[in-house]
Amino acid sequence: MQRTNFSEMACSIARTLDVIGEPWSPLVLRDVWAGLTRFEQIQADLGISRKVLTERLNHLVEQGVLERRPYDRRPRYEYVLTEKGAELVDLLMVMAGWGDKWLAGEAGPPVLYRHHACGEIGGVDLRCAHCGEPMHAGDVDLLPGPGAAI
């Protein structure tokens, strides 16, 4: 299936979607982050076809989000997050927070997050890197950046 290429658009959201905008990719990243690092583990968890999973893993490796490491002589590989991939997990945590708030229903969130630094259960809170104040859609103005299309 031919994918639309967003990588050349002058938009960071579009460029990010070019990496993880296909619906299986965020779920593959979630599984690797959660410790399911081998092909068979990911496939069993997601119920995804071998062909589609192979395509997704290859794409994520090509994009530098995952690294493929051999774990025996056959060769077989496990997948680990790169620094680039770990930062994408931060995005997934924001998505999970939105889903917990708006879609979890009466049962509540399916996963809780315990913060290593304080040991408390919490969620992601977007804050300005400069002043520390909340930074949500209504708290910012959009200005053209140095990479803006003219």
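Of all non-hydrogen atoms in Arg56 and Glu22, the two that sit nearest each other are CD-OE1, 2.6 Å. Closest non-hydrogen pair, Ala96 versus Tyr113, comes out as CB-OH, 3.4 Å. When every heavy atom of Leu66 is checked against every heavy atom of Thr82, the shortest pair comes out as C-CG2, 3.8 Å. In this structure, Leu81 and Ala86 approach most closely via the heavy-atom pair CB-N, 4.1 Å. Across all non-hydrogen atoms, the minimal contact from Leu53 to Val28 is CD1-CG2, 3.9 Å. What you find for Tyr77 and Tyr71 is that their closest heavy atoms are O-CE2, 3.2 Å.
The backbone N or O of His59 lies less than 3.5 Å from no partner atom in the side chain of Gln63, so there is not a single donor-acceptor pair. Listed for the Thr37 side chain is no donor-acceptor partner under 3.5 Å among the backbone atoms of Tyr79. A distance-only check finds no donor-acceptor pair linking the side chain of Asp45 to the backbone of Gln41 [under 3.5 Å].
Note on Ile13: it clusters hydrophobically with Met9, by side-chain heavy-atom contacts below 4.5 Å among ILVMFWY residues. In the hydrophobic cluster analysis, where Ile, Leu, Val, Met, Phe, Trp and Tyr join through side-chain heavy atoms closer than 4.5 angstrom, Val32 is grouped together with Val111. Residues Leu112 and Val124 do not share a hydrophobic cluster, clusters being chains of Ile/Leu/Val/Met/Phe/Trp/Tyr side chains in contact below 4.5 Å.
Environment of NE2 in His130: sparse, with no more than 12 heavy atoms of neighbouring residues, nucleotides or ligands closer than 6.0 Å. Atom CE of Met135 sits in a sparse spot, with 12 or fewer heavy atoms from other residues, nucleotides or ligands closer than 6.0 Å.
Side-chain contact check for Asn58 versus Arg68: some heavy-atom pair is nearer than 4.5 Å. Side-chain contact between Pro134 and Arg127 is present, with heavy atoms from C-beta onward closer than 4.5 Å. Using a 4.5 Å cut-off on side-chain heavy atoms (C-beta onward), Val80 and Arg69 make contact.
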Report task. Decide side-chain contact (heavy atoms from CB on, under 4.5 Å) for Leu126 and Asp139; before the verdict, give the C-alpha distance in whole Å, the side-chain angles of both, and the deciding distance to 0.1 Å. Result -> CA-CA 11 Å; Leu126 296 176; Asp139 302 321; over 6 Å; no
Stepwise side-chain contact (heavy atoms from CB on, under 4.5 Å) test for Thr16 and Leu91: CA-CA 10 Å; Thr16 302; Leu91 173 65; 4.2 Å; yes
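If you take CG on Leu92 and OG on Ser25, they are separated by 10.0 Å, rounding to the nearest 0.5 Å. Ser12 contributes atom OG, which lies 11.0 Å from atom CG of Leu17 (distance to the nearest 0.5 angstrom). Interatomic distance, CG of Leu88 versus CE of Met95, reported as 10.5 Å (0.5 Å rounding). A distance of 12.5 Å separates CD in Glu55 from CH2 in Trp24, rounded to the nearest 0.5 Å. Between the CG atom of Leu27 and the CG atom of Leu46 there is a distance of 6.0 Å, given to the nearest 0.5 Å. Taking CG of Asp72 as the reference point, atom CD of Glu78 lies at 10.0 Å (rounded to 0.5 Å).
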